[in-house]
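All heavy atoms count here, side chains included; hydrogens, waters and symmetry mates do not. Just so we're clear, the structure is a prediction, and the values are computed from it rather than from any experiment.
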Amino acid sequence: MMTVQELRALTRRLTEAFFCRQVGPFVLVQKPPSPVMAQLALKMGAARTTMARDIPSLERQQVALWLHFDALTVATLPPVEGQDVLTVGRQPDCDLVVNEPSVSKRHAKLCWHGPHVGCTLVDLHSSNGTFVNAKEVPSGGEVHVRDGDLLGFGDATFAFLLAPSFYAKMQRIAL
């Protein structure tokens, strides 16, 4: 994963179209987990996930996520073209590995259906829930996600941003 600060330099040198081709149709931006929690997740390996804390309000999550924008990390995902499915979980074979104890081994999947339809999020019967804007997705359920939504996998929170929106935000910050 790269930090927002590391990517800011790229936005100064690349056109929006080229930048979007490089990062794909969307990015997931998160506050990095504490080193203690990441170590705990690694030690747990294939063990059952720990219970999630109370989910903070949407407003608190948004403020916490955007307050220190440069320190956030951008999840590097495999290239997404056309229709694609990206898995999220603690297992090393997931497309997005989240080292957080409250994240299940195979927690959720993001389904990209192309630019006209967008993206859906499917909970894979996770132990500690999958959330969109602090609202729980039913176990095994699927919901449409929009630009700027906050996605929660257990205690791990990510902002879902379409690549052009992320580029624009980076340009505003970079100036």
Side-chain angles (χ1 to χ4, degrees), residues 1-4 6-7 23-58 60-62 64-66 71-114 117-163 166:
M1 288 199 203
M2 296 180 73
T3 66
V4 168
E6 292 168 333
L7 283 173
V23 300
F26 64 89
V27 296
L28 296 174
V29 181
Q30 89 165 134
K31 180 180 176 190
S34 74
V36 171
M37 295 306 265
Q39 280 296 336
L40 178 60
L42 290 173
K43 286 180 183 177
M44 287 176 63
R48 232 178 119 75
T49 57
T50 60
M51 290 303 294
R53 299 182 303 270
D54 289 334
I55 303 300
S57 72
L58 177 60
R60 284 184 56 211
Q61 288 185 49
Q62 288 173 327
L65 194 62
W66 299 120
L72 301 177
T73 57
V74 180
T76 53
L77 299 166
V80 177
E81 294 183 22
Q83 184 173 346
D84 214 342
V85 175
L86 302 169
T87 56
V88 178
R90 277 193 350 262
Q91 289 285 86
D93 65 340
C94 288
D95 297 308
L96 175 58
V97 177
V98 182
N99 288 323
E100 162 65 50
S102 62
V103 175
S104 296
K105 293 179 274 184
R106 295 189 65 75
H107 197 100
K109 64 182 178 179
L110 288 160
C111 304
W112 179 252
H113 303 284
V117 177
C119 194
T120 56
L121 175 64
V122 179
D123 176 78
L124 299 176
H125 303 285
S126 62
S127 297
N128 294 313
T130 301
F131 303 85
V132 175
N133 296 326
K135 293 181 183 170
E136 190 166 8
V137 176
S139 182
E142 181 174 11
V143 296
H144 191 267
V145 292
R146 293 191 259 339
D147 192 25
D149 281 349
L150 293 184
L151 310 182
F153 309 108
D155 290 336
T157 302
F158 290 81
F160 174 89
L161 294 170
L162 294 174
F166 181 64

Supply the atom-to-atom distance Thr73 OG1 to Leu7 CG, rounded to the nearest 0.5 angstrom. 10.0 Å

For the atom pair CZ (Arg106) and NE2 (His125), what is the distance rounded to the nearest 0.5 Å? 12.5 Å

Would you say Asp123's side chain and Ala108's backbone share a donor-acceptor pair under 3.5 angstrom? no

Check whether any side-chain heavy atom of Val98 lies under 4.5 Å from a side-chain heavy atom of Val88, and answer yes or no. yes

Non-hydrogen atoms of His113 and Glu142 that approach each other most closely: NE2-OE2, 4.3 Å

Can you see which heavy atom on Phe131 is nearest to which on Leu121, and at what distance? O-CD2, 4.3 Å

For the residue pair Val97 and Pro92, what are the closest heavy atoms and their distance? CG2-O, 3.8 Å

Distance, nearest 0.5 Å, that separates NE2 of His107 from CG of Leu96: 11.0 Å

With a 3.5 Å distance limit and no angle check, can you tell me whether Asp155 reaches the backbone of Ser102 through a side-chain donor-acceptor pair? no

Least distance between heavy atoms, Gly89 atom then Val103 atom: CA-CG1, 3.8 Å

Of all heavy-atom pairs linking Cys111 and Val122, the shortest is SG-CG2, 4.2 Å

Which residue is it: Val29, Asp149, Val74? I am looking for the one with a side-chain contact (heavy atoms from CB on, under 4.5 Å) to Leu161. Val29

Atom CD in Gln30, atom CG in Leu150: separation rounded to 0.5 Å? 12.0 Å

Is any side-chain heavy atom of Lys109 closer than 4.5 Å to one of Asp95? no

With a 4.5 Å limit on heavy-atom distance, are the side chains of Thr157 and Leu151 in contact? no

Look at the side chain of Asp147 and the backbone N and O of Leu162, then say whether any donor-acceptor pair between them is shorter than 3.5 Å. yes

I'd like to know if the side chain of Ser104 and the backbone of Ser127 have a donor-acceptor N/O pair within less than 3.5 Å. yes

For Phe160, all residues meeting ring-ring contact (aromatic ring centres under 6.0 Å, His included), sequence neighbours excluded: Phe26

Distance, nearest 0.5 Å, that separates CZ of Phe158 from CG of Leu110: 9.5 Å

